[in-house]
Amino acid sequence: MKFFIDTANLDQIREANDLGILDGVTTNPSLMAKEGIKGKENILNHYVDICNIVEGDVSAEVLATDFEGIVREGEALAALHSQIVVKVPMIKEGIKAIKYFSNKGIKTNCTLVFSPGQAILAAKAGATYVSPFLGRLDDISTDSLTLIHQIVNIYSIHGFETQVLAASIRHPMHIVACAEAGADVVTCPLDPILSLLKHPLTDIGLEKFLADAKKGQ
Ligand code: E4P
C-alpha cells in the first residue's frame, strides 16, 4: 500500500519524505489556501516545489467545472512536471475530461467520490486514481469503510486498473482499516502517519532496555 501525504505544507512534506515511507502527495484548493498560496503563478510554482521534494505522484486539482476549462487547466498542470497527476472532480464534465486525459496518457485522480457508482464511472473513464473520502462520510454517520471494501471488490471482479486512493483520512485506525480493505493508497495529514508509530508498551519497553543497558556499562 502506498502512502501519500495530504497537505500543501512543504515542511510537513519534507518531514514525511525524510521518514522514507512517502510515495506521493495530494493537495486540494483548501489545502493550498491554508498555506496562503494565492495567485496562479504562485500556485503553479508551489506544485513544482512539491515535485522537487518527493519522488512520486503529486495531485494538483483543477478549478474549472466545464470540460474545456478542465482540459485547459489539466494540460497546463500536467506540463509543469512529469510527477503531476491532474485531480478532477466527480462530475459529468469531469468524467468526460478524465476520459480525454486517459486517451492522452495524462494521469488523473478522480476526487470527491462518495459512492460505488461514482467509482465505477471513474474507472470506466480510465482514471489513474479514484479518491473515496472516508472522514467526510463518517461525519454524516455513514460507514466509509464499507465503501472502500465495495470499490476494492468491484475493481477486482472487473479487472479495473484504477487505483483506490483512500482520502479524507482522520486517524491512524482509518489507515489500518484501509490497508485491511485492500486500498492501493492512503492519503492523510502528517499526524495520523506519525500516530502509527506510537504504542505505550514500545515507550515503556525502550525505557527499560535503556535503563538496563546503563546498569551493564
Ligand atoms: C483528498 O485528496 C482530499 O484532499 C482530502 O483527503 C480531503 O480531506 P478532508 O475531508 O479532511 O478535507
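All ligand and atom numbering here is 1-based and tracks the order in the structure. In this chain, residues are counted from 1 in sequence order.
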Tell me: protein heavy atom nearest [atom], and distance?
atom	result
atom 11 (O) of ligand 1	Arg170 NE, 3.5 Å
atom 4 (O) of ligand 1	Asn28 ND2, 2.7 Å
atom 7 (C) of ligand 1	Phe133 CE2, 3.6 Å
atom 12 (O) of ligand 1	Arg136 NH2, 2.8 Å

Problem - Non-neighbouring partners of Glu61 that pass side-chain hydrogen bond (donor to acceptor under 3.5 Å, both in side chains), sequence neighbours left out - result: none

Practice task
Heavy-atom contacts with Asp6 under 4.0 Å: which atoms of ligand 1 show up? List them by number with element.
Solution key: 1 (C), 2 (O), 3 (C), 4 (O), 5 (C), 6 (O), 7 (C), 8 (O)

Problem - 4.0 Å heavy-atom contact, Lys87 with ligand 1 - result: yes

Validation: residues 144-155 side-chain donor-acceptor distances under 3.5 Å, sequence neighbours left out:
{"unit_1": "Ser144", "atom_1": "OG", "unit_2": "Asp138", "atom_2": "OD1", "d": "2.8"}
{"unit_1": "Ser144", "atom_1": "OG", "unit_2": "Asp138", "atom_2": "OD2", "d": "3.4"}
{"unit_1": "Thr146", "atom_1": "OG1", "unit_2": "Asp143", "atom_2": "OD2", "d": "2.5"}
{"unit_1": "Tyr155", "atom_1": "OH", "unit_2": "Ala119", "atom_2": "O", "d": "2.6"}

Problem - 4.5 Å side-chain heavy-atom contact, Thr128 and Phe101 - result: no

Problem - Neighbour count >12 (heavy atoms, 6.0 Å) for atom CD, Glu55 - result: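 12 or below, so no.
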
Problem - Exam field: side chain Asn17 to backbone Ile53, donor-acceptor pair closer than 3.5 Å - result: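 Such a contact is found between Asn17 side chain and Ile53 backbone.
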
Handout entry: For Ser131, the option from Asn109, Thr26, Asp6, Asn28 that meets side chain to side chain donor-acceptor pair (under 3.5 Å)
Key =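 Between Ser131 and the candidates, side chain to side chain donor-acceptor pair (under 3.5 Å) is satisfied uniquely by Asn109.
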
Problem - Winner among Gly135, Ser168, Ser59 once heavy atoms are compared against atom 8 (O) of ligand 1 - result: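 Nearest option to atom 8 (O) of ligand 1, by heavy atoms: Ser168.
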
